[in-house]
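Notes for the one structure printed next.
Small disclaimer: the values here were computed from a predicted structure and weren't measured. Order of the sequence lines sets the chain letters (A, B, ...), proteins ahead of strands, with each chain counted from 1.
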Protein chains: 2
Amino acid sequence: MTAQSLSKERLRLWLRMLRVTRQTESILRERLRTEHDTTLPRFDVMAALYADKDGLKMNELSRRLRVSNGNVTGIVDRLVEDGTVERIAIEGDRRATRVCLTPAGRETFSAMAVEHERWINALFEGVGEEDAHHIGELLHCLPTTAHDPD
Amino acid sequence: MTAQSLSKERLRLWLRMLRVTRQTESILRERLRTEHDTTLPRFDVMAALYADKDGLKMNELSRRLRVSNGNVTGIVDRLVEDGTVERIAIEGDRRATRVCLTPAGRETFSAMAVEHERWINALFEGVGEEDAHHIGELLHCLPTTAHDPD
DNA sequence: TAAAAATACTTTAAGCTTAAAAATTTTAAA
DNA sequence: TTTAAAATTTTTAAGCTTAAAGTATTTTTA
């Protein structure tokens, strides 16, 4: 196999990943909207916060989700409006704030997460155990910022 | 392996795909911006049009790229503004228009495409030939609308 | 300790994205 | 043929996203 055809194969792989990812996101977006009256970005923020009982700082959140700083500001603003999360002052550093799920937010997310996993499980029906694991390992060494704890 | 742990493994795979995809897109976006003064959505539209010498109708374009109809309208508007593409009337159907790359647009894209493939090839350095092929096959049967010619 | 640099976050302007509604044209049906 | 239905695209309103600039605070350094 030449370097050239390897390059083509990698490009094909990338385009296919992009296609699957967009299609899956589109399906998730639709279901979150119709069945839970929320959006994918909000779900993502809630998911990140759900994992940490003590919440996350804004910049941690933005690094975790791989979106810009200012972006998170807007999403959190809207989540605060409807009582899903709250901003809590950090003592000793008045620049930063900690964002936490409220009890109501935790409850809401918990229900969504169960369904979300079910959706993914169904959508990825064609992927068996050893494949899921194998691909997962491979992706692990793909484009990502160094020292990434996911 | 229980059904439950398979479900978890699939979820993990999905999250990892999402992470890699976002990171890769972010890198591409940055390079397209700094080195070619364009955006990823515009690149995507141009790529779709480059493949078809006779261009595509708006709804074909939107289906191909998996984005909403109205979305394509805006991107094409801007590409028309800077002379990259043109809308051509379809004889026999005054509802639809065909969108084509202009000669200048073809030239611009052609140069970008070469670099784009180089970027992907470098980013996916960790994926060997048989892996690229294997994963590609798997992804092929993943979430996608039926009868999809990609 | 005062100035400079770094950090954390928000704001802004431009563009992207979606779902839903509207406008136009074509096709089908009565 | 007149009307209804379908198809193609654009418009609209709301929200998402980014990069860059701005504000406030903390840390470093001279």
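Of the candidate nucleotides dT17(D), dT10(D), dC16(C), dC16(C) has the atom nearest to the side chain of Arg78(B). Closest to the side chain of Thr97(B), out of dT26(C), dT9(D), dT18(C), is dT9(D). Of all nucleotides listed (dT25(C), dA6(C), dT11(D)), dT11(D) comes nearest to the side chain of Thr73(B).
The side chain of Asn69(B) places no N or O atom within less than 4.0 Å of a non-bridging phosphate oxygen (OP1 or OP2) of dT9(D). Residue Arg94(A) places at least one side-chain N or O under 4.0 Å from the OP1 or OP2 atom of dT26(D). Between Arg63(A) and the phosphate of dC9(C), there is no side-chain N or O to OP1/OP2 separation shorter than 4.0 Å.
The distance between atom CD of Glu91(B) and atom P of dT26(C), rounded to the nearest whole Å, is 13 Å. If you take CD of Glu25(A) and P of dC16(C), they are 18 Å apart, rounded to a whole angstrom. The interatomic distance linking Asn71(A) (CG) with dT11(C) (C1') rounds to 13 Å, in whole Å. Rounded to whole Å, atom C1' of dA14(C) lies 15 Å from atom CG of Asp82(B). Atom C1' of nucleotide dT18(D) and atom CD of Gln23(B) are separated by 15 Å, given to the nearest angstrom. Residue Ile88(A) contributes atom CD1, which lies 17 Å from atom C1' of dA8(C) at whole-angstrom precision. Per the geometry, CD1 belonging to Ile75(B) stands 14 Å off C1' belonging to dA14(C), to the nearest Å.
The environment of CD in Glu130(B) is crowded: more than 12 heavy-atom neighbours from other residues, nucleotides or ligands sit within 6.0 Å.
Nearer to the 5' terminus of DNA chain C, by closest-nucleotide assignment, is the contact made by Asp77(A) (compared with the other of Asp77(A) and Arg95(B)). Closest-nucleotide positions on DNA chain C for Arg22(A) and Asp93(A) were compared, and the one nearer the 5' end corresponds to Asp93(A). For the pair Ala96(B) and Val72(A), both in contact range of DNA chain D, the more 5′-proximal nearest nucleotide belongs to Ala96(B).
At a threshold of 4.0 angstrom between heavy atoms, the contacts of Arg98(A) with the nucleic acid are absent.
Residues of residues 32-61 of chain B having a heavy atom closer than 4.0 Å to DNA chain C, listed by number: Thr39(B), Pro41(B), Arg42(B).
Rotation axes derived from the C1' atoms of the five outermost pairs at either end of the helix from dT1(C)-dA30(D) to dA30(C)-dT1(D) lie 10° apart, to the nearest 10°.
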Please tabulate, for side-chain N and O atoms in residues 54-62 of chain A, each donor-acceptor pair with protein atoms closer than 3.5 Å (sequence neighbours left out).
from: Glu60(A); atom 1: OE1; to: Lys57(A); atom 2: N; distance (Å): 2.8
from: Ser62(A); atom 1: OG; to: Val67(A); atom 2: O; distance (Å): 3.4

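Ion pairing between Arg22(A) and Glu25(A) fails under the 4.0 Å rule for side-chain N and carboxylate O. Using a 4.0 Å cut-off between charged side-chain N and carboxylate O, Asp131(B) and Arg10(A) make no salt bridge.
Below 30°, between 30° and 60°, or above 60°: for Trp14(A) and Phe124(B) the angle between ring planes is above 60°, a perpendicular geometry.
Note that the CD1 atom of Ile120(B) and the CE atom of Met17(A) stand 9.5 Å from one another [nearest 0.5 Å].
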Criterion salt bridge (charged side-chain N to carboxylate O under 4.0 Å, His left out) on Glu115(A) and Arg31(A), from CA distance to verdict
CA-CA 10 Å; Glu115(A) 279 202 75; Arg31(A) 295 200 182 153; over 6 Å; no

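If you run side chain to side chain contact (heavy atoms under 4.5 Å, CB included) between Asp82(B) and each of Val80(B), Thr84(B), Val85(B), only Thr84(B) comes through.
Considering only heavy atoms from C-beta on, Thr39(B) stays 4.5 Å or farther from Ile75(B) through its side chain.
With 3.5 Å as the limit, one finds no donor-acceptor pair spanning the side chains of Thr24(A) and Thr21(A).
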